[in-house]
Structures are given as C-alpha cells and as structure tokens.
Amino acid sequence: MSTFLTGDALNDAIDNIITDTKKFLFITSPFIKLDDHFRERFDLIKNNPSIYLQIMFGKNENDFYRSVRTEDLEYFKTFPNVSIIYEPRLHAKSYSNENNGIVTSMNLYDYSAENNVEYGIWFGRTKLAEKVYEVHLDNHYKILEESAHCLFIKRPVFKTAIFGLSKNYTKSETLLDLFDSFDPSDSEYERIVYQDIDVISLDEKDLVPVLKSRSEKRSEMELKTQKESSQESPSHGYCIRTGEQIAFNPSQPLSKNAYYEWLEWKNMDYRENFCHLTGNRSYHRNSMRFPILDNNFQNEDIWN
C-alpha cells in the first residue's frame with residue numbers, strides 16, 4: 001500500500017519515520033538544516049546504540065558545508081551508531097526505517113517543512129508494497145557502492161556477557177572521520193566506499209583482550225555440549241548473497257559461485273542480502289562474519 005502526502009500530513013509522516021524507528025533509520029537529503037522540531041524527534045533515538053542512523057547528503061561539490069551546517073554534522077556525530085555519507089550528485093530525498101519509507105521532494109530542512117509546497121509518497125513494508133520497499137533499499141545501497149563518499153562511521157562497542165547470551169553496550173568507537181581532510185580535487189584522493197570498511201558493531205574483545213576464568217571456560221563448554229546434544233542443525237540453509245538454497249553451514253554460508261566472488265576481496269564485514277538460517281532478506285544487516293540474523297554466531301578471520 002502507498003499513499004500520496006502533502007502539507008502537514010507529509011510533515012507528520014516524516015516525523016513518524018524518525019520517532020518510530022527501532023532498528024535503522026536512513027535519511028537521504030541533499031540539504032539538511034535542523035530546527036528544534038527535528039532535533040526533538042532525533043533526540044528520542046539519539047542514545048540508543050541498537051538504532052543505526054545513516055545520513056546521506058550532497059550537492060555543492062566545492063564546499064559541502066553549504067549543504068549541511070557544521071553544527072548539524074557535529075550533532076549527528078554524537079550518535080552512538082551512525083554513518084555520514086556524501087554524494088555530490090544527490091538530488092533525491094527519502095526517509096526510511098525498518099518498516100516504512102517516504103520518497104519525497106522535501107529536504108530535511110526547517111524552511112521546506114514550514115514554507116514550501118512539497119509532495120511525497122509513503123509506502124509500508126507490507127506484502128502489497130514490499131517490492132517498492134526492497135527496490136528503494138537496493139538502489140540506496142547501489143549509490144553507496146558506486147559513487148558516494150563515506151566520510152564518517154561510528155559504531156557501538158558491546159561487551160559479551162557470560163555464555164554469550166547477551167551483550168552490554170560500553171561505548172562507541174569512531175572508525176572513520178574524514179571531515180577535516182576530505183578533498184576530492186586532490187590528485188591523491190581515493191574515494192572511501194562504505195561497504196568496504198563498514199561493520200555492524202564491535203565487540204569489546206576486539207579492542208581489549210578478555211581473559212576468562214577456568215570456571216567460565218568450564219561453564220561455556222558445558223553449555224556448548226548441551227546445545228549440541230539437544231539441537232539438530234537444519235537440513236539446509238541459504239546463500240547470504242544470492243538467497244539460493246544450500247547446505248546449512250554457518251562457517252561457509254555462500255554458494256560456490258558466490259564464495260569465489262567473495263574471495264576476490266575477502267571482506268568478512270561486507271554486508272550481504274539474506275539470512276543463512278531463514279533465507280529472509282537481511283537488508284544488509286548480516287555478513288560473512290555474522291551470517292545469521294539476530295544470532296551471536298561469529299566467523300573468525302580464517303579464510304584463505
């Protein structure tokens with residue numbers, strides 16, 4: 001189902017996309033200027049490290065600060081789980097979370113919300129409109145891969161509790177910050193591709209070595225033995241890149257052809273398309289490292 005919106009109905013729908021977010025929020029807007037109204041809504045999700053925020057802005061190739069104010073960039077950089085992307089050719093505007101999306105003429109700009117005549121199409125992630133939702137996300141990731149410049153990435157760091165049954169947020173780590181050095185006119189400049197360096201999250205053990213006690217090791221081994229004896233592995237799984245049915249093996253979650261394709265770069269954190277266990281679309285929330293959605297199974301860097 002899709003709905004045409006304009007005026008206050010469009011403003012309210014964009015507000016709801018932001019405030020109803022539970023997993024991820026993609027903002028695509030060539031120009032960004034936040035007023036108190038927009039900040040109030042972003043503040044509701046600002047301190048939740050489980051919500052991934054991605055900002056894509058553009059235009060003004062010689063000075064991208066004409067597209068977004070420094071104070072607004074600094075505000076977004078305070079989020080615990082955020083990526084900021086620059087696309088110099090960007091003219092499209094869209095807002096989407098894990099359930100709904102809007103393609104519109106309206107920038108994330110206070111003047112546009114208050115003064116301009118703007119149109120938009122709202123679509124939900126339902127059976128009737130899921131194709132629109134999927135095509136929108138696929139094109140979004142195509143831009144990220146083919147032409148956009150990744151400028152800033154910050155990811156949450158989690159500490160895994162005993163037995164690996166839960167994770168606790170400890171802090172966030174900045175993986176990339178190019179705002180002070182970004183200069184595409186420099187002959188030595190190389191575009192940073194979002195998919196090449198992004199990760200879903202960090203585990204504290206990747207930053208600080210964690211030594212487990214003997215009792216913790218014994219308990220983990222006992223739990224692992226119990227799980228292995230009480231659960232049988234599924235008879236089949238799905239290729240995380242193509243979605244085709246293959247043998248269930250989280251350590252090798254790619255079909256033969258997809259695996260040879262993956263070997264060219266060997267990027268454990270390259271975001272894939274399908275959950276290895278269920279075959280459901282992952283919308284780029286899994287990877288070779290984490291092939292199963294919402295599961296703590298993790299492959300190490302052992303690929304040859």
Side-chain angles (χ1 to χ4, degrees), residues 4-21 24-46 51-79 81-123 132-133 135-154 178-179 182 194 283:
F4 175 84
L5 300 172
T6 190
D8 285 338
L10 176 59
N11 290 333
D12 292 345
I14 292 175
D15 287 349
N16 291 338
I17 290 283
I18 299 171
T19 58
D20 291 345
T21 296
F24 65 84
L25 174 63
F26 291 172
I27 303 292
T28 303
S29 177
F31 297 95
I32 295 175
K33 184 179 180 182
L34 303 179
D35 60 0
D36 290 340
H37 179 89
F38 280 135
R39 288 203 181 210
E40 288 171 356
R41 278 131 190 88
F42 280 107
D43 281 345
L44 292 177
I45 65 171
K46 179 180 177 182
I51 293 179
Y52 168 53
L53 172 66
Q54 186 184 103
I55 303 292
M56 182 186 292
F57 71 101
K59 294 291 186 182
N60 294 312
E61 295 183 40
N62 295 325
D63 182 7
F64 60 66
Y65 287 105
R66 293 174 59 192
S67 294
V68 57
R69 298 183 304 177
T70 301
E71 60 203 79
D72 291 331
L73 283 175
E74 292 300 320
Y75 171 73
F76 285 130
K77 288 167 69 174
T78 64
F79 281 62
N81 192 359
V82 60
S83 298
I84 302 177
I85 315 293
Y86 174 65
E87 169 51 68
R89 302 176 303 141
L90 187 66
H91 190 68
K93 301 96 178 172
S94 68
Y95 307 83
S96 61
N97 60 24
E98 66 277 2
N99 292 316
N100 305 303
I102 296 173
V103 175
T104 177
S105 61
M106 193 170 88
N107 285 289
L108 188 70
Y109 205 95
D110 55 355
Y111 185 89
S112 299
E114 293 289 345
N115 299 281
N116 291 350
V117 176
E118 306 279 4
Y119 290 164
I121 300 294
W122 176 95
F123 49 89
V132 176
Y133 184 93
V135 170
H136 170 258
L137 277 188
D138 286 345
N139 277 275
H140 180 84
Y141 277 96
K142 183 178 180 180
I143 293 173
L144 290 178
E145 185 169 359
E146 293 184 353
S147 59
H149 303 256
C150 187
L151 300 182
F152 185 86
I153 292 180
K154 182 194 282 186
L178 297 182
F179 280 107
F182 178 70
Y194 169 78
Y283 297 103

Okay, side chain of [X], backbone of [Y]: is any donor-acceptor separation there less than 3.5 Å?
X	Y	value
D43	K46	no
S112	L108	no
S67	G58	yes

Provide the full list of ring-ring contact (aromatic ring centres under 6.0 Å, His included) pairs with a residue in residues 98-120, sequence neighbours left out, each pair given once.
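The answer is F4-Y119.
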Is the distance between the ring centroids of Y95 and F26 under 6.0 Å?
no
What residues, two or more places apart in sequence or in another chain, satisfy side chain to side chain donor-acceptor pair (under 3.5 Å) together with [X]?
X	answer
E87	R89, S147
N107	S29
Y65	none

Rounded to the nearest 0.5 Å, what's the gap from [atom1] on [X] to [atom2] on [Y]? Could you check?
X	Y	atom1	atom2	answer
T21	N16	OG1	CG	10.0 Å
K93	T104	NZ	OG1	8.0 Å
F31	F57	CZ	CZ	11.0 Å
I102	T28	CD1	OG1	12.0 Å
R41	D20	CZ	CG	11.5 Å
I85	I27	CD1	CD1	13.5 Å

Just to verify, what does [X] make a salt bridge (Lys or Arg N to Asp or Glu O under 4.0 Å) with, not counting sequence neighbours?
X	value
D138	R281
E71	R69
R66	none
K77	E74, D177

Can you name the residues that form a side-chain contact (heavy atoms from CB on, under 4.5 Å) with L178, not counting sequence neighbours?
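So L178 forms a side-chain contact (heavy atoms from CB on, under 4.5 Å) with L151, L176, S181, I192.
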I55, V82, L73 screened by side-chain contact (heavy atoms from CB on, under 4.5 Å) with F152, the one that passes
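For F152, the side-chain contact (heavy atoms from CB on, under 4.5 Å) check succeeds only for V82.
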Do R39 and D72 sit within salt-bridge range, that is, some charged N less than 4.0 Å from a carboxylate O?
yes
Please identify each residue that fulfils ring-ring contact (aromatic ring centres under 6.0 Å, His included) with H136, with sequence neighbours left out.
F123
Got a sec, which residues hit ring-ring contact (aromatic ring centres under 6.0 Å, His included) with F42, two or more places apart in sequence or on another chain?
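Partners of F42 under the ring-ring contact (aromatic ring centres under 6.0 Å, His included) test: F76.
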Which pairs of donor and acceptor atoms, one on a side chain in residues 5-14, lie under 3.5 Å apart (sequence neighbours left out)?
| from | atom 1 | to | atom 2 | distance (Å) |
| --- | --- | --- | --- | --- |
| T6 | OG1 | E118 | O | 2.6 |
| N11 | ND2 | A113 | O | 3.1 |

Assess whether side-chain contact (heavy atoms from CB on, under 4.5 Å) is satisfied between L90 and K59, documenting all intermediate values.
CA-CA 6 Å; L90 187 66; K59 294 291 186 182; 5.6 Å; no
